[in-house]
Amino acid sequence: MKQNVRNSTFFAPRFTAMDADPITVARRLLGQRLVRVIDGVRLAGTIVEVEAYLGAEDRAAHTFGGRRTVRNEAMYLPGGHAYVYFTYGMHHCLNVVCGRRDEGVAVLVRAIEPTEGLDEMFSRRVKAGRLEELCSGPGRLTQAMAIGRSLNGVDLRTSDELFIERQASRQLPQSAFVQTRRVGLNRSMDESVLGLSGEFTNWWRAPLRFAMKGNAFVS
DNA sequence: CCCGTGATTTAT
DNA sequence: TAAATCACGGGG
């Protein structure tokens with residue numbers, strides 16, 4: 001039975017405050033609701049884990065050094081757009097572009113706590129495991145929600161296929177989330193480099209991963 | 001720990 | 001043209 005999209009939750013207010021810097025947006029995104037609509041069916045979950053990528057000065061960012069390629073072009077769109085890329089020959093990753101046009105900054109969505117369309121999401125996952133593994137990981141959540149390159153560059157503030165609904169009425173207090181180094185980065189980024197700001201920064205150690213404290217759906 | 005997988009980037 | 005890389009996931 002397909003869920004009728006014309007219900008109250010479908011018209012929940014959109015989360016649109018994505019034109020700030022990626023660290024601010026990362027914290028704001030925790031607790032918001034990521035929504036994917038396919039054939040009128042809602043797939044949704046609460047964002048519980050994200051990572052900030054700081055652009056030209058960030059060794060781990062696809063836009064490091066101001067690099068502009070066909071792949072990362074969407075990351076230079078204005079804040080509020082989606083940057084979806086394909087990696088390791090089999091996984092897609094979803095990023096929320098932040099800041100202003102041409103800044104090249106974004107937030108990677110690493111995990112959500114699934115709340116709607118669980119059956120549909122399980123059926124899309126090759127390995128249907130426990131609920132805690134359904135959308136916990138950047139590649140897992142894109143597979144469960146059928147987020148692929150066709151959604152690269154869409155405006156999350158206006159799209160009816162992929163968007164974010166305002167869930168938490170205010171920003172989470174610092175005590176509600178943990179901050180750690182980012183996952184999956186090459187250790188060569190451990191060397192400190194002189195960033196654009198003129199200060200030495202260690203991008204491997206930089207605490208740019210944000211996760212809701214004690215949440216079982218964090219990857 | 002290791003490997004599948006293939007687009008993208010970088011080196012030659 | 002070839003090699004290396006990769007914001008990962010699944011299996012041992």
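Please read these numbers as outputs of a predicted model, since none were measured by experiment. Just so we're on the same page: letters track the sequence lines, and every chain starts at 1. What's counted below: heavy atoms across the whole structure, side chains too, no hydrogens, waters or symmetry copies.
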Student: Side-chain N or O of A:His62 less than 4.0 angstrom from OP1 or OP2 on C:dA7?
Tutor: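 Yes, A:His62 has a side-chain N/O under 4.0 Å of OP1/OP2 on C:dA7.
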Student: On the nucleotide C:dC8, are OP1 or OP2 found under 4.0 Å from the side-chain N or O atoms that A:Arg110 carries?
Tutor: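 Checking C:dC8 against A:Arg110, a side-chain N or O does come within under 4.0 Å of OP1 or OP2.
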Student: Between B:dT8, C:dG10, B:dT5, which one does the side chain of A:Arg140 approach most closely?
Tutor: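 Taking heavy atoms from C-beta onward, the closest nucleotide is C:dG10.
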Student: Using whole Å, what does the distance between atom C1' of nucleotide C:dC8 and atom CD of A:Gln143 come to?
Tutor: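 To the nearest whole Å, that distance equals 11 Å.
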Student: Would you mind reading off the distance between A:Trp204 atom CH2 and C:dC6 atom P, rounded to a whole angstrom?
Tutor: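 That distance rounds to 15 Å.
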Student: With a 4.0 Å cutoff (strictly under), does any side-chain N or O of A:Thr87 reach OP1 or OP2 of B:dA7?
Tutor: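 No.
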Student: Touch check for A:Arg125, heavy atoms < 4.0 angstrom, all strands: base, sugar-phosphate only, or nothing?
Tutor: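 Touches sugar-phosphate only.
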Student: With both distances under 3.5 Å as the test, what is the Watson-Crick or G-U wobble partner of C:dA7?
Tutor: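 No nucleotide pairs with C:dA7.
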Student: What class does the angle between the rings of A:His62 and A:Tyr85 fall in, given that below 30° is parallel, 30 to 60° is tilted and above 60° is perpendicular?
Tutor: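 Perpendicular.
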Student: Between A:Asn72 (CG) and B:dT9 (P), how many Å, whole number?
Tutor: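 Rounding to the nearest Å, CG of A:Asn72 and P of B:dT9 are 7 Å apart.
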Student: Take atom CZ of A:Phe64 and atom C1' of C:dC6, then tell me their distance rounded to the nearest Å.
Tutor: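 That distance rounds to 16 Å.
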Student: What's the closest nucleotide to the side chain of A:His91 if the choices are C:dA7, B:dT9, C:dG9?
Tutor: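 That would be C:dG9.
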Student: In whole Å, I'd like the distance from the CE atom of A:Met75 to the P atom of C:dA7.
Tutor: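 Between P of C:dA7 and CE of A:Met75: 11 Å.
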Student: Atom CZ of residue position A:Arg100 - does it have more than 12 heavy atoms of other residues, nucleotides or ligands inside 6.0 Å?
Tutor: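 At most 12 heavy atoms, drawn from other residues, nucleotides or ligands, come within 6.0 Å of this atom.
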Student: Examine A:Arg59 relative to A:Trp204 and say whether NZ or CZ is less than 6.0 Å from the centre of the six-membered ring and inside a 45° cone about the ring axis.
Tutor: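 Output no; distance or angle outside limits.
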Student: Can we say A:Asp21 and A:Arg27 salt-bridge, meaning some charged N sits less than 4.0 Å from an Asp/Glu carboxylate O?
Tutor: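 No, A:Asp21 and A:Arg27 are not salt-bridged.
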Student: What is the separation between atom CZ on A:Arg182 and atom P on C:dC8, rounded to the nearest whole Å?
Tutor: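 One finds 11 Å between P of C:dC8 and CZ of A:Arg182, rounded.
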Student: When the distance from NE2 of A:His92 to P of B:dA7 is rounded to whole Å, what number comes out?
Tutor: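 Those two atoms, NE2 and P, are 11 Å apart.
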Student: For A:Tyr53 and C:dA7, is the gap between ring centres under 5.5 Å while the planes differ by less than 30°?
Tutor: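 Ring-base stacking flag set for A:Tyr53 and C:dA7.
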Student: If the threshold is 4.0 Å, N to carboxylate O, is there a salt bridge linking A:Arg42 and A:Glu165?
Tutor: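 Yes, this pair counts.
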Student: For B:dT10 and A:Arg67 - does any side-chain N or O of the residue sit under 4.0 Å from the phosphate oxygens OP1/OP2?
Tutor: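 Checking A:Arg67 against B:dT10: at least one side-chain N or O falls below 4.0 Å of OP1 or OP2.
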Student: Please report the distance, rounded to the nearest Å, between CZ in A:Phe86 and C1' in C:dC8.
Tutor: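 About 11 Å, once rounded to whole Å.
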Student: If you check the A:Lys127 side chain, which of C:dC8, C:dG10, C:dA7 turns out closest?
Tutor: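 The answer is C:dG10, which lies nearest to the side chain.
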